[in-house]
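Only a predicted model underlies this, so the values are computations on that prediction, with no experimental measurement involved. The first residue in the sequence is number 1, and the count goes up from there. Counting starts at 1 for both ligands and their atoms, following the listed order.
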Amino acid sequence: MQAYVMTRYGDAGAMEVRDVPEPVARDGEVLIRVRAAGLNPIDYKIREGKMRLVNRLDLPQVAGSELSGVVEGVGAGVTRFAVGDRVFARVDKKKLGAYAAYAVVHETMVAKMPESLDFADAAGLPLAGLTALQALRDELGVATGDRVFISGGAGGVGTLAIQLAVWMGAEVATTASPRGEELVRSLGATTVINYQKQKFKDVLSDYDGAFDLTGGQDLPDSFAILKRGAKTVSIGGVPVPANARVDLDAGPVVAAALRVASARIRRQARQRGVGYRYMFMHPSGEDLNLLAGLVDKGTLKAVTDRVFPFEQIAEGFAYLEQGRAKGKVVVQM
Ligand SMILES: NC(=O)c1ccc[n+]([C@@H]2O[C@H](COP(=O)([O-])OP(=O)(O)OC[C@H]3O[C@@H](n4cnc5c(N)ncnc54)[C@H](OP(=O)(O)O)[C@@H]3O)[C@@H](O)[C@H]2O)c1
């Protein structure tokens, strides 16, 4: 079958379309005929070798983190899915494999896709949707009446995070350039700061929580707009030692490296009297069910920026890597 394969760590040339054997569903796994797959910054960060410390892959490896498609077969013990089901999934982080005609995914990571979506829109939901849900619900504990700041609201994660925070009852402030302002307002953000003209820390104060998507100076700046005791959860900044045990299944060497790397940012948070946590999202069929329900109720809208044919996946990545996508970039098989 045709697949987009990462052959080494490096630049865009490190991935290529190749013929590879079809995968086989083992115990508990579902074989999916892939109809569409989402492109994510994590895919090119993996290719660039930035995740090597926490997730070393056996190369060559079929790339791709999320997909939608149709169940083609099931391994022994699979009870939740049957041949013909329309499903979507954030695939196993160590196995990847979404950019291919067929993929196998453990059934615990799979859910029936929203009935109201086509395959392209559904393929862009799992990774960004689970990230936004887990950050806002599990890390920030967003509740009715909270004021929440989300940096970078116009991208893949931001467009879903704004909507989920509003669903949880929060009032949302976000940063966007004029290119994204109308979009983030239409999704429910009530305060939009043009990050090209103004520093959000000069405008906002007394927030109940911050979700940092952009990292860099935005991360310590987010501490300055929080109430004392409130927290920033980041997916754009620096991981902390706790991530090694909780999220990465890694030992003391990784924890020690993260302790050193995050020392400064943790100190900055302490000095401000706020909490800081980096988050790695977790694949979850159960959480995907929740997201699918919200989509079918009309509460959550998939925002797809561009759809490329699989043959043009390299162009899709070139577009995504410019960092300007409004919502999700997807390839159709
Ligand atoms: N830890 C995890 O589990 C996890 C999970 C998912 C994603 N992530 C990370 O989260 C980050 C965001 O992912 P994504 O998929 O949302 O990325 P994305 O879709 O590529 O984000 C692009 C958007 O970001 C906006 N943007 C860029 N720089 C900005 C800035 N300084 N301030 C405000 N907006 C800015 C751009 O708007 P303009 O065109 O208007 O500039 C564009 O609309 C990535 O670094 C990704 O690797 C981590």
Side-chain angles (χ1 to χ4, degrees), residues 38-48 50-51 54-55 65-66 90-91 93 123-136 138-139 149-164 172-185 187 189 191-201 203-204 210-222 232-240 242-244 246-248 258 262 277-284 287 302-306 316-330:
L39 273 54
N40 289 281
I42 188 69
D43 301 313
Y44 61 77
K45 289 181 185 176
I46 290 172
R47 188 198 71 213
E48 290 166 350
K50 290 185 177 153
M51 307 304 291
V54 296
N55 189 8
S65 302
E66 62 181 347
R90 193 293 182 222
V91 307
K93 292 182 182 185
L125 270 179
L127 194 147
L130 292 174
T131 304
L133 176 69
Q134 292 167 3
L136 296 166
D138 306 339
E139 296 295 337
F149 171 67
I150 298 168
S151 63
V157 178
T159 48
L160 297 169
I162 291 169
Q163 299 178 77
L164 288 170
V172 176
T174 192
T175 46
S177 73
R179 292 182 295 270
E181 174 164 2
E182 200 183 318
L183 173 64
V184 297
R185 281 198 192 281
L187 299 172
T191 304
V192 182
I193 295 135
N194 176 354
Y195 73 89
Q196 295 171 330
K197 286 233 167 97
Q198 208 165 19
K199 287 187 175 15
F200 67 83
K201 71 166 184 179
V203 188
L204 307 176
F211 182 21
D212 167 58
L213 277 54
T214 46
Q217 186 58 37
D218 283 356
L219 176 53
D221 283 357
S222 75
T232 293
V233 59
S234 176
I235 57 167
V238 193
V240 296
N243 292 126
V246 180
D247 299 319
L248 301 172
L258 296 180
S262 64
R277 163 101 159 102
Y278 185 89
M279 188 196 86
F280 288 98
M281 58 78 58
H282 295 279
S284 163
D287 281 349
V303 182
T304 306
D305 179 345
R306 291 186 64 177
F317 269 109
Y319 177 68
L320 181 75
E321 289 184 47
Q322 289 167 16
R324 304 274 81 87
K326 299 288 163 285
K328 293 289 307 188
V329 180
V330 168

For [X], counting its heavy atoms only, list the atoms of ligand 1 lying under 4.0 Å from any of them.
X	answer
Phe280	1 (N), 3 (O)
Tyr278	1 (N)
Lys45	44 (C), 45 (O), 46 (C), 47 (O)
Leu127	5 (C), 6 (C)
Ala154	43 (O)
Ser177	38 (P), 40 (O)
Gly323	22 (C), 23 (C), 24 (O), 27 (C), 36 (C), 42 (C)

Between the candidates [options], which shows the shortest non-hydrogen contact distance to [atom]?
atom	options	answer
atom 14 (P) of ligand 1	Asp218, Val157, Ile235, Thr214	Val157
atom 2 (C) of ligand 1	Glu321, Met279, Arg90, Arg324	Met279
atom 20 (O) of ligand 1	Pro41, Gly155, Gly38	Pro41
atom 32 (N) of ligand 1	Phe211, Tyr195, Phe200	Tyr195

Looking at [atom], what's its closest protein heavy atom, distance included?
atom	result
atom 12 (C) of ligand 1	Leu213 O, 3.9 Å
atom 34 (N) of ligand 1	Gly152 CA, 3.3 Å
atom 39 (O) of ligand 1	Lys326 NZ, 2.6 Å

Could you measure the distance from the [atom1] atom of [X] to the [atom2] atom of [Y]? Nearest 0.5 Å is fine.
X	Y	atom1	atom2	result
Glu182	Lys326	CD	NZ	12.5 Å
Arg90	Leu125	CZ	CG	14.0 Å
Thr131	His282	OG1	NE2	10.0 Å

Worksheet item: Which bit of Arg179 gets closer than 4.0 Å to ligand 1, counting heavy atoms only: side chain, backbone, both or neither?
Response: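 Side chain only.
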Backbone N/O of [Y] and side chain of [X]: donor-acceptor pair under 3.5 Å:
X	Y	result
Ser151	Leu213	yes
Lys93	Met281	yes
Asn40	Ile42	no

With only distance considered, is [X] within less than 3.5 Å of ligand 1 through an N or O on each side?
X	answer
Met281	yes
Asn40	no
Ser151	no
Thr131	no
Gly156	yes

Discussion item. Would you say the rings of Phe149 and Phe200 are close, in the sense that their centroids are separated by under 6.0 Å?
Written reply: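 Ring-ring flag for Phe200/Phe149: true, centres closer than 6.0 Å.
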Worksheet item: Is the centre of the Tyr319 ring less than 6.0 Å from the centre of the Phe317 ring?
Response: no
Worksheet item: How far apart are the C-alpha atoms of Lys328 and Glu66, what are their side-chain angles, what is the distance that settles it, and do they pass the salt bridge (charged side-chain N to carboxylate O under 4.0 Å, His left out) test?
Response: CA-CA 12 Å; Lys328 293 289 307 188; Glu66 62 181 347; 2.9 Å; yes
Discussion item. Go through it in stages, so that I can follow the logic: the residues are Leu204 and Ile193, the test is side chain to side chain contact (heavy atoms under 4.5 Å, CB included), and I'd like the CA-CA distance, side-chain angles, deciding distance and then a yes or no.
Written reply: CA-CA 9 Å; Leu204 307 176; Ile193 295 135; 3.7 Å; yes
Worksheet item: Do any heavy atoms of Ala128 fall under 4.0 Å from ligand 1?
Response: no
Worksheet item: Heavy-atom contact under 4.0 Å between Ala325 and ligand 1?
Response: yes
Fill in: Steps toward side chain to side chain donor-acceptor pair (under 3.5 Å) verdict (Glu181, Asn194)
CA-CA 8 Å; Glu181 174 164 2; Asn194 176 354; over 6 Å; no
Worksheet item: Can we say Glu321 and Lys45 salt-bridge, meaning some charged N sits less than 4.0 Å from an Asp/Glu carboxylate O?
Response: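 Salt bridge: no.
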Worksheet entry | Step-by-step salt bridge (charged side-chain N to carboxylate O under 4.0 Å, His left out) determination, Asp138 to Arg277 | CA-CA 12 Å; Asp138 306 339; Arg277 163 101 159 102; over 6 Å; no
